[in-house]
Number of protein chains: 2
Amino acid sequence: MSADTDNPQGSCALSLSFVDEHTAARLAEIFKALSDPTRVRLIAALCAGERCVHELAEQLEMSQSAISHQLRTLRQLRLVRSHKEGRHVYYALDDDHVLTLFAQGMDHVQHI
Amino acid sequence: MSADTDNPQGSCALSLSFVDEHTAARLAEIFKALSDPTRVRLIAALCAGERCVHELAEQLEMSQSAISHQLRTLRQLRLVRSHKEGRHVYYALDDDHVLTLFAQGMDHVQHI
DNA sequence: ATGATGTTTGAACATATATTCATGAATATT
DNA sequence: AATATTCATGAATATATGTTCAAACATCAT
């Protein structure tokens with residue numbers, strides 16, 4: 001069996017198999033953002049629309065500080081964006097890409 | 001602004017926003033599997049077809065032990081499957097779901 | 001059998017991570 | 001002004017994770 005020509009996964013597989021270390025690191029970073037249950041629940045909550053920090057803290061029944069720390073992680077990785085309205089800081093999914101990625105993960109979980 | 005009726009993300013968002021803790025944990029687990037650069041590179045390598053451990057170790061220029069440890073993580077999360085042929089253990093992506101999830105991540109990275 | 005090859009496993013260590021608590025900054029209310 | 005609310009930040013701690021090394025296991029060849 002020749003491993004080099006063996007390609008059971010389809011035509012797009014070839015380009016995916018050439019992932020340089022930098023890209024691999026960035027990919028890992030994105031997935032790492034979603035590798036924590038709290039952050040998963042935050043993303044899920046934001047699928048329904050934007051929310052401010054204390055709303056998210058209530059919904060997840062966690063301290064405001066903990067939520068803020070996690071939102072910071074999500075913010076740094078551009079998975080969410082925020083804007084201020086008075087005292088409140090509203091968070092929302094950065095774009096539909098995040099939702100698609102998240103939904104794909106859900107698919108996988110439900111598929112197993 | 002009524003947060004409950006605000007839904008700028010589309011119709012599928014509602015169901016995604018109701019993610020119980022167990023599902024969140026499983027989702028996080030899946031994403032965690034892809035949250036390490038080595039594992040990302042492994043998945044990428046396997047996109048081209050099945051490979052045995054020492055081939056992957058050569059390609060990634062890492063010790064066989066390190067590769068084996070990471071493959072175990074991926075195996076436990078059903079992202080890869082393996083079968084033995086003589087002394088060799090061949091690994092492959094478990095199904096197309098993995099490839100789709102991975103490709104979606106690539107999309108996101110290249111989109112930012 | 002003996003030795004060589006391919007893979008897995010366990011233990012130990014260093015690093016990374018999430019969480020909590022305390023504090024500070026900005027805004028709103030009285 | 002004084003106070004309360006909302007959020008961000010830093011430090012400390014406990015836990016989790018990746019890596020390395022050594023040893024064990026399985027398979028094959030001689």
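Lettering of chains follows the sequences in order, A, B, ..., and the numbering in each one begins at 1. Every heavy atom of this structure was used, including side-chain atoms; hydrogens, water molecules and symmetry mates were not.
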* What pair of heavy atoms forms the shortest contact from A:Ile30 to A:Leu79, and how long is it? ->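 Heavy-atom minimum between the residues: O-CD1, 4.4 Å.
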* With sequence neighbours excluded, residues passing side-chain hydrogen bond (donor to acceptor under 3.5 Å, both in side chains) with A:Arg75 -> A:Tyr91
* Counterpart residues, side-chain hydrogen bond (donor to acceptor under 3.5 Å, both in side chains), relative to B:Arg87 (two or more places apart) -> none
Restricting both atoms to N or O, compile the protein contacts to nucleotides 9-14 of chain D shorter than 3.5 Å, with distance only.
{"unit_1": "D:dT9", "atom_1": "O4", "unit_2": "A:Ser65", "atom_2": "OG", "d": "3.0"}
{"unit_1": "D:dG10", "atom_1": "O6", "unit_2": "A:His69", "atom_2": "NE2", "d": "2.8"}

* **Within 6.0 angstrom of A:Glu21 CD, more than 12 heavy atoms from elsewhere** => no
Atom pairs and distances, donor-acceptor, side-chain atoms in residues 38-49 of chain B, under 3.5 Å, two or more places apart:
{"unit_1": "B:Arg39", "atom_1": "NE", "unit_2": "B:Ala33", "atom_2": "O", "d": "2.6"}
{"unit_1": "B:Arg39", "atom_1": "NH1", "unit_2": "B:Gln70", "atom_2": "OE1", "d": "2.9"}
{"unit_1": "B:Arg39", "atom_1": "NH2", "unit_2": "B:Lys32", "atom_2": "O", "d": "3.0"}

I'd like to check the side chain to side chain contact (heavy atoms under 4.5 Å, CB included) partners of [X]; sequence neighbours left out, ordered by chain and number.
X: B:Thr23; value: A:Met106, B:Val19, B:Asp20
X: A:Thr100; value: B:Gln104
X: A:Ala25; value: none

For atom [atom1] of [X] and atom [atom2] of [N], their distance in whole Å:
X: A:Leu74; N: D:dA8; atom1: CG; atom2: P; answer: 12 Å
X: B:Ile67; N: D:dT19; atom1: CD1; atom2: C1'; answer: 12 Å
X: A:Glu50; N: D:dC7; atom1: CD; atom2: P; answer: 12 Å
X: A:Phe31; N: D:dT17; atom1: CZ; atom2: P; answer: 18 Å
X: B:Arg51; N: C:dG6; atom1: CZ; atom2: P; answer: 17 Å
X: B:Gln76; N: C:dT9; atom1: CD; atom2: C1'; answer: 12 Å
X: B:Glu29; N: D:dA16; atom1: CD; atom2: C1'; answer: 13 Å
X: A:Tyr91; N: D:dC7; atom1: OH; atom2: P; answer: 9 Å

* With B:His88, which residues qualify under ring pair (Phe, Tyr, Trp, His ring centres under 6.0 Å), at least two apart? ->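 Only B:His54 meet the ring pair (Phe, Tyr, Trp, His ring centres under 6.0 Å) criterion with B:His88.
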* Residues in contact with DNA chain C, drawn from residues 32-41 of chain A - heavy-atom cutoff 4.0 Å -> A:Lys32, A:Asp36, A:Thr38, A:Arg39
Below 3.5 Å between N/O atoms, which protein atoms pair up with nucleotides 24-27 of chain D? Just atom names and distances, please.
{"unit_1": "D:dA26", "atom_1": "O3'", "unit_2": "B:Lys84", "atom_2": "NZ", "d": "3.4"}

* Can you list every pair that meets ring-ring contact (aromatic ring centres under 6.0 Å, His included) and has a residue in residues 57-79 of chain B, with sequence neighbours left out? ->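 Every candidate ring-ring contact (aromatic ring centres under 6.0 Å, His included) pair involving residues 57-79 of chain B fails, so no pair, neighbours aside, qualifies.
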Give a yes/no answer on whether the side chain of [X] brings an N or O atom under 4.0 Å of OP1 or OP2 in [N].
X: B:His54; N: C:dT5; result: no
X: A:Gln64; N: D:dT6; result: no
X: B:Gln70; N: D:dT19; result: yes

* Ring geometry between A:His97 and B:His108 (parallel below 30°, tilted from 30 to 60°, perpendicular above 60°) -> tilted
